[in-house]
Amino acid sequence: MASLTSAQADALLDKLSSDDDFRALLLSDPESALKQIGAPVELADCFRKCKKLADPSTLKASRSAIQQQLGTTLSANIHDLRAG
């Protein structure tokens with residue numbers, strides 16, 4: 001399975017924490033969103049089940065923990081990007 005580099009994980013979290021257009025694109029067209037940050041489009045399936053993302057302030061507050069998880073297995077930890 002494809003994974004994110006630390007730079008790609010940082011880019012993803014930056015966009016999710018500050019860019020509403022990117023957040024909407026990730027939910028509607030994950031492949032295009034992942035291409036924008038140079039991440040493997042094979043990870044799009046990890047985002048297809050997401051209907052709503054956690055709000056930007058929650059992502060900012062949890063950034064360090066999420067970064068560690070994104071560095072392991074994205075498919076197992078994508079739930080941390082979803083809204084509670």
Side-chain angles (χ1 to χ4, degrees):
M1 170 177 239
S3 61
L4 293 173
T5 66
S6 60
Q8 291 165 339
D10 283 341
L12 176 63
L13 291 172
D14 287 344
K15 290 280 205 177
L16 289 174
S17 298
S18 63
D19 186 334
D20 289 336
D21 291 335
F22 179 83
R23 291 168 57 83
L25 183 62
L26 185 64
L27 293 176
S28 66
D29 186 359
E31 290 93 349
S32 292
L34 292 168
K35 284 180 186 177
Q36 273 190 21
I37 61 167
V41 295
E42 296 85 4
L43 296 175
D45 286 342
C46 297
F47 294 96
R48 288 195 203 294
K49 294 179 184 176
C50 290
K51 301 298 179 205
K52 183 177 178 185
L53 298 168
D55 64 87
S57 62
T58 299
L59 291 170
K60 286 177 187 175
S62 304
R63 185 180 180 108
S64 178
I66 294 169
Q67 281 174 311
Q68 289 176 346
Q69 291 177 349
L70 288 176
T72 56
T73 52
L74 183 60
S75 62
N77 296 300
I78 194 68
H79 64 275
D80 288 335
L81 299 177
R82 295 182 195 159

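Keep in mind the model is a prediction, meaning the values are calculated, not measured.
Applying the side chain to side chain donor-acceptor pair (under 3.5 Å) test to Ser32 and every residue at least two apart in sequence or in another chain returns Asp29. The side chain to side chain contact (heavy atoms under 4.5 Å, CB included) check on Ser18 picks up nothing, with sequence neighbours excluded. Ser64 meets the side chain to side chain donor-acceptor pair (under 3.5 Å) test with no other residue; sequence neighbours excluded. Asp45 is linked by a side chain to side chain contact (heavy atoms under 4.5 Å, CB included) to Arg48, counting only residues two or more places apart in sequence or in another chain. Remark: Asp19 engages Lys15, Asp21, Phe22 in a side chain to side chain contact (heavy atoms under 4.5 Å, CB included) (not counting sequence neighbours). Applying the side chain to side chain contact (heavy atoms under 4.5 Å, CB included) rule to Ala39 yields the partners Leu4, Gln8, Leu34, Ile37; only residues at least two apart in sequence or on another chain are considered.
Nearest heavy-atom pair, Cys50 versus Cys46, reported as atom, atom and distance to 0.1 Å: SG-O, 4.5 Å. Considering every non-hydrogen atom in both Val41 and Glu31, the closest pair reads CG1-O, 3.7 Å. Taking all atoms of both residues into account, the shortest heavy-atom contact from Pro40 to Ser3 is CG-O, 3.6 Å.
In the hydrophobic clustering of ILVMFWY residues, with side-chain heavy atoms under 4.5 Å counting as a link, Leu53 and Leu25 come out apart.
Side-chain contact check for Pro56 versus Leu16: every heavy-atom pair is 4.5 Å or farther apart.
Interatomic distance, CG of Leu27 versus NZ of Lys49, reported as 15.0 Å (0.5 Å rounding).
Each salt bridge (Lys or Arg N to Asp or Glu O under 4.0 Å) pair with one or both residues in residues 57-66, not counting sequence neighbours, appears once here: Asp10-Arg63, Asp14-Arg63.
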